[in-house]
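Chain identifiers are assigned alphabetically (A, B, ...) following the order of the sequence lines, protein sequences preceding nucleic acid strands; residue numbering begins at 1 within each chain. As a basis for the values below, the full set of heavy atoms in this structure was taken, side chains included, without hydrogen atoms, waters or symmetry mates.
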There are 2 protein chains.
Amino acid sequence: MVKTEFSPIADTTRRAEIVALLRRAILTGQLEPGQKLNELRISEQMRVSRAPLREAMRELVQEGILTSIPYAGTFVIDVTAKDIDDAYSLNKVLDEFAIEQTWPQRDRRFFDELDRRHEAVKQATRDLDTTRQIESALQLHGLIYEWADNSVLLETWQRLISRLQMYFALHQQARNEPVPAEDVHETYVRLLKGTDMRAAQRHAREHINLDFEQLLSYARSLEQRPSKGA
Amino acid sequence: MVKTEFSPIADTTRRAEIVALLRRAILTGQLEPGQKLNELRISEQMRVSRAPLREAMRELVQEGILTSIPYAGTFVIDVTAKDIDDAYSLNKVLDEFAIEQTWPQRDRRFFDELDRRHEAVKQATRDLDTTRQIESALQLHGLIYEWADNSVLLETWQRLISRLQMYFALHQQARNEPVPAEDVHETYVRLLKGTDMRAAQRHAREHINLDFEQLLSYARSLEQRPSKGA
DNA sequence: TCTTGTTAGATTGTCGACAATCTGATTGTC
DNA sequence: GACAATCAGATTGTCGACAATCTAACAAGA
């Protein structure tokens, strides 16, 4: 008897699709921070009623990328330098923990998946597809969380990553430069395959440091010149 | 001119009240793990329509204490020993981080608040009010998170605490014993007031350890004899 | 001129009804 | 009797309309 593995079938509710659409629009920067989401207009554009749209928005509010004020509206969260700094410092701690938990569980499948995701980043870089580059880089980084076998940790990471992805997308969009050509993940992958856990943890911390420094300076520059809002 | 400070007025939507009602029912164990929430029945009991109820349930799903299966229903999450273990080990890491961040920011107001919350726990203990004892103990423990001045960390803690409160309530409910009379938080409070940060971190880790061990053995005993479901 | 009261328009919150889907029992067939 | 097809009931998902609330413009009065 062949042992076939079936993945869960897709959610077939409008609500789930709306969540996916909105999330993507926010995380890619199509919807700007602070922007108000008009329920009537969006529901007409999507050809759905307001009920599933509102339920979807509730989910994204709890997910932390929308914020809601009763009778006033629902808005894309604002990005402050402090938010980025907070997320960043927590991320350092979680990374260390995730690596520690994952370390003894690394096996052939782990290394294969590591290579696969690393390759995806390199491909996106070659294609000059910044959005996919950000997504795939976070996917690569998320492997240690998936492998740590701790559902609460994984959830926490995914909430964090929503914001980070948004920050990175805005950053990329703003500076509008060609993506870095060199492969900044080479060392990270190599150390995760090695035998020195401390070294891997240290590198993760410093490596992330680098990316965040750019983000922070960008966010600070935004706050120098506060926008008038949408 | 007197400078009066006003706190934001309460949310006046039905949705917000429903969220509060449901959350309380779940976290105090009135609604059992795995139990299905019938939308029609609950909406009739609360005298509201299903729309705000469903939106409230979406929020609690994202909060991690409900789980939803399309066209099947929304259920209170199941509590497995692994979940508790996962939450527990993450909590240790976060505690350490929270103490580290809070340490340099401790001031008079911090110590006063610490005493106030400690007193609340002792009062609930004297009153033999187990529900309030759990709540106030978690409040005491949460002070280091509120003081760490990291919004992402605080959010993470609050998500974690929802589950922990549920676990503790179920545990208390199950063993049905009088609450411990001795004051297990005395040392914790004293160390947070002291000068040895490492000692405080170490104690937090071990102190939590104790509580969790009880929880874990309880959860494991449940899994030995799986319930038939509601 | 500044403040306060009013009003119209737009938007969010809530409701009741209908459509889509699931579950379990029943029926019919081999 | 075992099994598949069908059907009724219950429940969730979605819709369109109405109620409650907010915002901004305007008018009235000190």
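- Distances were taken from every side-chain heavy atom of B/Val48 (C-beta onward) to each of C/dC15, C/dC22, D/dC15; the shortest belongs to C/dC15.
- For A/Arg14, a side-chain nitrogen or oxygen approaches OP1 or OP2 of D/dC15 to under 4.0 Å.
- With rounding to whole Å, A/Leu53 atom CG is found 16 Å from D/dG13 atom P.
- Put simply, B/Arg50 has no side-chain N or O that comes within less than 4.0 Å of OP1 or OP2 on C/dC15.
- Residue B/Ser49 places none of its side-chain N or O atoms closer than 4.0 Å to OP1 or OP2 of C/dT14.
- If you take CD of A/Glu39 and C1' of D/dC15, they are 15 Å apart, rounded to a whole angstrom.
- Using modelled atom types, one side-chain atom of B/Asn150 and one backbone atom of A/Asp86 make a donor-acceptor pair closer than 3.5 Å.
- When distances are taken from the side chain of B/Asn38 to each of D/dG13, C/dT14, D/dT12, the shortest belongs to D/dT12.
- Of all heavy-atom pairs between A/Pro52 and A/Arg15, the closest is O-CG, 4.1 Å.
- In this entry the distance linking CD of B/Glu55 with C1' of C/dT14 reads 9 Å, nearest Å.
- In this structure, CG on B/Leu60 lies 4.5 Å from CD1 on B/Ile65, to the nearest 0.5 angstrom.
- Contacts of B/Leu37 with the nucleic acid, taken as non-hydrogen atoms under 4.0 Å apart, involve only primed sugar atoms and P, OP1 or OP2.
- Distance B/Glu44 CD to D/dT12 P: 12 Å, rounded to the nearest Å.
- Closest to the B/Lys36 side chain, of the nucleotides C/dC15, D/dT12, C/dG13, is D/dT12.
- Rounding to whole angstrom units, CZ of residue A/Arg47 and C1' of D/dC15 are separated by 16 Å.
- Straight-line distance from the OH atom of A/Tyr71 to the C1' atom of C/dG9: 17 Å, rounded to whole Å.
- Contacts of A/Ile18 with the nucleic acid, taken as non-hydrogen atoms under 4.0 Å apart, are absent.
- Shown here, D/dA20 forms a base pair with C/dT11; the pair counts as Watson-Crick or G-U wobble because both key distances fall under 3.5 Å.
- Within 4.0 Å of B/Arg15, counting heavy atoms only, lie sugar-phosphate atoms of the nucleic acid but no base atom.
- Remark: A/Arg116 engages A/Glu113 in a salt bridge, criterion side-chain N to carboxylate O under 4.0 Å.
- Atom CG in B/Leu40 sits roughly 14 Å away from atom C1' in C/dC18 (whole-Å rounding).
- If you take CZ of A/Arg54 and C1' of C/dT14, they are 8 Å apart, rounded to a whole angstrom.
- Residues A/Ala51 and A/Thr74 both approach DNA chain C. Their nearest nucleotides, taken by heavy-atom distance, put A/Thr74 toward the 5′ side.
- In this structure, B/Arg24 pairs ionically with B/Glu135, as a charged nitrogen and a carboxylate oxygen lie closer than 4.0 Å.
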